[in-house]
Protein chains: 2
Amino acid sequence: MVADTSETTAGGSAGAATCTPSLTAAPLGEAEAVALARVLSALADPVRLRLVSIVSAAGEVCSCDLEGPLARSQPTVSHHTKVLAEAGILVGEKRGRWTWWRLSPGCLADLRQALGG
Amino acid sequence: MVADTSETTAGGSAGAATCTPSLTAAPLGEAEAVALARVLSALADPVRLRLVSIVSAAGEVCSCDLEGPLARSQPTVSHHTKVLAEAGILVGEKRGRWTWWRLSPGCLADLRQALGG
DNA sequence: AGTGTTCATCGACAGCCGTCGATCTCATCA
DNA sequence: TGATGAGATCGACGGCTGTCGATGAACACT
């Protein structure tokens with residue numbers, strides 16, 4: 001139901017989550033904390049961390065090339081890519097029959113900054 | 001059952017978790033992913049994020065001064081500080097009747113580096 | 001000793017999350 | 001048009017997690 005031409009990014013509200021709140025500066029408002037927690041939750045899973053590292057190392061990865069290295073079923077891999085995309089960490093692009101995933105540019109940098117960079 | 005003189009840090013195995021694995025470099029081994037996920041899970045909660053930001057801003061905070069700002073019961077606050085301490089993010093020191101919490105030095109920096117810094 | 005305070009632990013409950021098999025959608029190719 | 005194949009969705013199950021009230025342990029002060 002995401003219904004777009006080809007870009008499968010953030011569902012619509014989590015993309016700008018990592019923009020500017022700093023953990024170590026001010027006491028951090030409740031809304032900012034919820035937004036930051038959403039992104040961190042997406043990364044707080046061993047399978048998704050390895051997924052992100054694989055995508056990061058390869059630059060671009062097809063979904064079908066993730067099941068093997070992650071040792072997870074196709075529905076599970078699809079679930080994890082969806083979670084990461086909704087958190088604004090991954091960007092998916094459908095090319096023909098395959099979906100290619102790459103890192104959302106600047107997202108990890110924003111996250112590092114939010115963590116007190 | 002932590003049973004030590006006064007330092008309530010990592011339970012014993014999570015402290016060195018954030019040391020050197022880089023998300024964006026190599027494909028990230030399974031053990032490293034589990035260790036990183038453990039730290040991220042500790043931070044992936046709005047209440048704990050606000051807790052950390054409060055401690056960070058104040059430098060040092062007593063447990064009893066957290067219930068109010070966090071709007072959580074005393075057992076819940078105690079639970080969260082324990083989770084953060086076991087993840088190596090907070091360090092607790094008992095002084096008299098109070099427990100004072102401060103950030104584990106270098107922990108957030110290590111985390112930022114693990115995230116591709 | 002007795003009392004009050006600070007914090008940790010326990011037990012319970014509701015809700016969320018990772019996982020997979022089965023199924024559905026849709027693009028490609030014969 | 002029909003067959004094939006990639007990937008998204010559904011439904012279910014077990015396990016983990018945030019929360020709180022009640023209780024317990026340790027300390028300070030009288």
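Order of the sequence lines sets the chain letters (A, B, ...), proteins ahead of strands, with each chain counted from 1.
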Between [Y] and [X], is there a side-chain heavy-atom distance shorter than 4.5 Å?
X	Y	result
A/Leu28	B/Val52	no
A/Leu49	B/Leu40	yes
A/Arg48	A/Val83	yes

If you check every side-chain atom of [X], which of [options] has the closest atom?
X	options	value
B/Arg97	C/dG21, D/dC20, C/dT5	C/dT5
B/Ser78	C/dT9, D/dA28, D/dA8	C/dT9
A/Trp98	D/dT4, D/dG7, C/dG4	D/dG7
A/Thr99	C/dA8, D/dT9, D/dA8	D/dA8

Nearest whole Å is fine: how far is [N] [atom2] from [X] [atom1]?
X	N	atom1	atom2	value
A/Trp101	D/dG7	CH2	P	10 Å
B/Arg95	D/dA28	CZ	C1'	16 Å
A/His79	D/dA8	NE2	C1'	13 Å
A/Leu84	D/dA8	CG	P	12 Å

side-chain N/O B/Thr76 vs D/dT19 OP1/OP2, d < 4.0 Å: no
N or O in side chain of B/Lys82 less than 4.0 angstrom from C/dT9 OP1/OP2: yes
Bend angle of the helix from C/dA1-D/dT30 to C/dA30-D/dT1, end axes from five pairs each (to 10°): 30°
Check ion pair A/Arg102-A/Glu93 (N to O, under 4.0 angstrom): yes
Under 3.5 Å donor-acceptor pair, B/Gln74 side-chain atoms to C/dA8 base atoms: yes
Upstream residue (5' side of DNA chain C) when B/Val77 and A/Gly96 are each assigned their closest nucleotide: B/Val77
Residues touching DNA chain C, which here means a heavy atom under 4.0 Å, drawn from residues 43-53 of chain A: A/Asp45, A/Val47, A/Arg48
Backbone of B/Arg50 reached by a side-chain donor or acceptor of B/Ser53 within 3.5 Å: yes
